[in-house]
Number of protein chains: 2
Amino acid sequence: MPQRKRATIREVAQATGLSTAAVSYALRGLQVSEETMHRVRRAAAELGYEADPNARALASGRTGMIGVLCGSLEDLWQQSLAVGIGRSLREKDHYGLILDAAGDPDRERTLARQLRGVDGLIVQPVDPAAPFWAGIAENIPLVTIGDALKEARTAAEVVFDNQSGVTLALEYLAGRGHRRVAVLTPTLAETPDRPADRLVTAEAARLGLEVSVQTCPQGLGPAAEAARAVLRDRPSAVFCFSDSIAYGVLKAAGDLGLSVPGDVSVMGYDDHPMSELLGLTTVSWDLEGIVRSAVRLVLGAADGTLRRRRVVQKPTLRERGSVGQR
Amino acid sequence: MPQRKRATIREVAQATGLSTAAVSYALRGLQVSEETMHRVRRAAAELGYEADPNARALASGRTGMIGVLCGSLEDLWQQSLAVGIGRSLREKDHYGLILDAAGDPDRERTLARQLRGVDGLIVQPVDPAAPFWAGIAENIPLVTIGDALKEARTAAEVVFDNQSGVTLALEYLAGRGHRRVAVLTPTLAETPDRPADRLVTAEAARLGLEVSVQTCPQGLGPAAEAARAVLRDRPSAVFCFSDSIAYGVLKAAGDLGLSVPGDVSVMGYDDHPMSELLGLTTVSWDLEGIVRSAVRLVLGAADGTLRRRRVVQKPTLRERGSVGQR
DNA sequence: CATATGGGGTGAAACGGTTCACTGAAGCGA
DNA sequence: TCGCTTCAGTGAACCGTTTCACCCCATATG
């Protein structure tokens with residue numbers, strides 16, 4: 001690797017006969033006269049100069065990098081979310097460093113702890129009650145997506161109104177005559193007391209539904225395998241806590257020769273683009289809005305110009321035909 | 001934001017009564033005795049010390065960061081690829097910085113140029129013939145995925161044998177009696193002379209197929225819209241140069257009340273997990289293998305221990321039922 | 001016993017920017 | 001003309017690591 005040396009700011013300074021300070025200012029459009037600014041910029045372009053982000057980060061304390069810690073990128077909807085956030089950050093001259101907790105609180109903790117040198121953090125927490133968050137949130141502007149943290153004061157939060165989401169889904173199922181409903185929630189190894197479980201149980205009790213809650217992986221293959229077992233009990237409907245899981249259920253139903261919604265109804269959660277194609281009835285969130293909010297909040301927190309600190313997202317029910325009348 | 005100051009290496013040095021050099025070595029398991037190593041590690045843990053990656057990068061010249069420049073993250077398969085690469089890099093103690101050229105050569109150029117402070121680059125080039133690559137590949141260990149670069153000597157390449165892929169697809173279609181085939185390739189604004197086009201045209205001529213090649217966006221909605229127009233001409237089959245496009249075609253077919261494969265056959269390219277669920281017949285690549293190769297190659301190139309420089313990926317045809325006999 | 005050997009550790013110079021405190025000159029009102 | 005402000009630009013400290021060139025001392029070697 002020859003690794004031809006890149007131009008440094010000193011060389012630009014030399015080429016223009018200015019100090020490095022002047023060059024630094026000029027390139028950022030600060031403090032200097034129009035004329036020198038152009039002179040410097042031209043010289044920089046000629047030399048092919050681009051500032052070393054590491055040196056810049058060390059000196060200025062800001063990296064232009066935002067950590068994006070996802071709950072589980074196995075889930076297609078979260079992939080879309082991460083990609084959306086990355087794109088949106090790029091539009092505001094930042095980079096998104098996408099990280100995957102893979103549904104594992106330990107991994108989440110390790111990643112969050114190790115992460116330094118970012119200006120801010122967008123987290124979709126796997127374990128919102130974990131105590132270690134406090135230490136992180138104190139050091140880095142942190143914005144949550146989904147559940148808010150329990151033990152830490154974060155800079156801001158984009159909260160999903162899961163209560164409404166669950167109510168929407170279960171009321172719809174109940175209204176169409178379903179009584180025995182299987183519920184599949186994402187696998188979160190070792191997270192004691194998943195909040196989703198409680199929501200579902202409470203709501204089901206209210207509606208007189210007989211639910212059985214189980215965890216399920218998010219990959220299509222594994223999810224389908226888990227779903228096959230569930231479908232053998234012949235629930236009248238399956239409520240999946242992510243569209244990715246619902247896709248697994250659809251796969252399993254197909255494999256078992258069950259028709260949807262004839263033999264079994266399937267309700268999703270999230271509304272990934274593919275759900276439209278598959279005709280999956282699902283609880284829908286405004287992905288674009290979530291992305292916009294999260295990015296605005298984290299950048300605001302990073303430079304101290306934060307307005308609102310809490311945005312609540314309301315879900316809607318997208319009726320498509322995977323849930324039948326019973 | 002109080003931003004409580006994080007511990008520096010100097011504080012750890014003070015706490016242990018050693019020099020910063022000793023601490024630096026100790027934390028990386030170099031040069032020091034077992035005993036001091038433990039002492040330092042304990043002290044570091046107590047102080048909650050984590051090295052500042054920027055300072056480390058500036059001093060050592062390596063960041064532990066690999067740029068992952070994707071052709072278009074609109075495409076679900078490329079999303080999977082990016083996520084896979086990110087995960088694989090993380091397993092080898094590196095971070096993947098995922099960037100999206102969004103199918104636009106200009107964007108690609110800008111991103112590639114601006115990118116500094118990474119130890120290596122994995123690129124799925126939008127415009128492999130662009131001349132600017134030479135300047136980049138000369139400065140950063142660069143590994144391509146898909147098409148190899150034309151005008152630049154890269155560190156290594158993972159090449160897709162698209163010739164075989166196209167042959168596989170078109171021969172299959174021809175063998176099942178299709179003659180009028182519409183071809184949809186991803187939109188690449190302004191890329192003159194897309195290699196895919198030539199492959200298809202040549203192969204179609206050989207097989208006596210009547211093809212019409214058109215570009216198409218990758219998002220489900222836009223792709224479906226583009227597909228509707230194509231389907232009005234009633235080709236007997238549509239060959240899509242990415243599964244995402246195929247999903248759009250399936251959507252359009254559904255909207256128009258056309259059955260697949262009854263009224264129209266659809267052939268995909270890539271083999272995204274969802275294609276199994278949708279029963280899409282497609283040209284399949286070994287995603288895991290691609291990820292492994294790319295990561296191994298780029299890390300090898302970054303630390304100079306590179307063995308093979310070129311890995312060729314062969315496709316297989318995954319027959320699922322979206323292509324009928326004509 | 002004098003001399004190589006080498007493990008364990010130190011001090012200080014990088015790395016490539018940003019920013020603070022300051023200066024000289026020009027502009028301006030009184 | 002004088003003092004005051006503003007503008008454009010400078011020099012050097014600083015950011016937090018890594019790493020190079022040494023040094024010291026204990027042990028093995030001839």
Side-chain angles (χ1 to χ4, degrees), chain A residues 3-41 43-44 47-65 93 114-119 139-140 303, chain B residues 3-41 43-44 47-65 93 114-119 139-140 303:
Chain A
Q3 288 288 110
R4 191 184 58 182
K5 224 166 116 49
R6 289 256 213 167
T8 82
I9 200 174
R10 256 177 284 274
E11 300 175 45
V12 180
Q14 223 136 37
T16 52
L18 292 168
S19 67
T20 65
V23 172
S24 174
Y25 289 130
L27 289 175
R28 288 174 298 154
L30 267 38
Q31 289 219 17
V32 293
S33 69
E34 284 284 303
E35 197 245 317
T36 35
M37 202 180 98
H38 282 85
R39 200 151 51 92
V40 169
R41 298 227 163 138
L47 292 167
Y49 171 77
E50 285 280 351
D52 179 337
N54 298 120
R56 184 194 293 256
L58 182 56
S60 69
R62 11 196 61 247
T63 53
M65 190 111 68
D93 257 304
Q114 280 179 356
L115 203 55
R116 288 197 55 176
V118 293
D119 294 345
N139 281 305
I140 305 181
D303 66 15
Chain B
Q3 286 288 104
R4 191 183 60 181
K5 225 167 113 48
R6 288 258 214 166
T8 82
I9 200 174
R10 253 179 288 272
E11 301 175 46
V12 180
Q14 222 137 37
T16 53
L18 293 167
S19 67
T20 64
V23 173
S24 175
Y25 289 130
L27 290 175
R28 288 174 298 154
L30 266 38
Q31 290 220 17
V32 294
S33 69
E34 283 283 302
E35 197 245 317
T36 35
M37 203 180 98
H38 283 86
R39 198 151 51 93
V40 169
R41 297 226 162 139
L47 292 167
Y49 171 76
E50 285 280 349
D52 179 337
N54 298 120
R56 184 192 293 253
L58 181 56
S60 70
R62 11 194 61 248
T63 54
M65 191 110 68
D93 257 304
Q114 279 180 356
L115 203 56
R116 288 199 53 179
V118 294
D119 294 345
N139 281 306
I140 304 181
D303 65 16

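Chain A is the first sequence line, chain B the second, and so forth, proteins listed ahead of strands; every chain is numbered from 1. Everything numeric in this text was worked out from a predicted model, so none of it was measured.
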Please state how far atom [atom1] in [X] lies from atom [atom2] in [N], giving the value in whole angstrom units.
| X | N | atom1 | atom2 | answer |
| --- | --- | --- | --- | --- |
| A:Leu27 | C:dG17 | CG | P | 10 Å |
| A:Glu34 | D:dG9 | CD | C1' | 16 Å |
| A:Gln14 | C:dG16 | CD | P | 14 Å |
| A:Met37 | D:dG9 | CE | C1' | 16 Å |
| B:Leu30 | D:dC20 | CG | C1' | 14 Å |
| B:Arg10 | D:dC15 | CZ | P | 7 Å |
| A:Asn54 | D:dT18 | CG | C1' | 13 Å |
| A:Glu11 | C:dC15 | CD | P | 11 Å |

Taking the side chain of [X] as heavy atoms from C-beta outward, which of [options] is closest to it?
| X | options | value |
| --- | --- | --- |
| B:Arg116 | D:dG16, C:dG9, C:dG17 | C:dG17 |
| A:Ala22 | D:dT10, C:dG17, C:dT10 | D:dT10 |
| A:Ile9 | C:dT18, C:dG9, C:dT19 | C:dT18 |
| A:Leu58 | C:dG17, C:dT18, D:dG16 | D:dG16 |
| A:Leu18 | D:dG9, D:dG16, C:dT19 | D:dG9 |
| A:Tyr25 | C:dT18, D:dT17, D:dT10 | D:dT10 |
| B:Ala21 | C:dA12, D:dT17, C:dG16 | C:dA12 |
| B:Asp52 | C:dT18, D:dG16, D:dT18 | D:dG16 |

Return no unless some side-chain N or O of [X] is found under 4.0 Å from OP1 or OP2 of [N].
| X | N | answer |
| --- | --- | --- |
| A:Ser19 | D:dT10 | yes |
| B:Thr8 | D:dC15 | no |
| A:Ser60 | C:dT19 | no |
| A:Thr20 | C:dT18 | no |
| B:Arg62 | D:dT18 | no |

If you compare all heavy atoms of [X] against all heavy atoms of [Y], which two are closest, and at what distance to 0.1 Å?
| X | Y | result |
| --- | --- | --- |
| B:Asn54 | A:Leu58 | CB-N, 4.2 Å |
| B:Val118 | B:Thr63 | CA-OG1, 3.6 Å |
| B:Ala7 | B:Glu11 | CA-OE2, 3.7 Å |

Students often get this wrong, so: under 4.0 angstrom with heavy atoms, is A:Ser24 touching a base, only sugar-phosphate, or nothing?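 Since a base atom lies under 4.0 Å of A:Ser24, the category is base.
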Say whether, by atom type as modelled, one donor and one acceptor occur between the side chain of B:Arg6 and the main chain of B:Tyr49 under 3.5 angstrom.
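No, because the side chain of B:Arg6 does not come within donor-acceptor range (under 3.5 Å) of the backbone of B:Tyr49.
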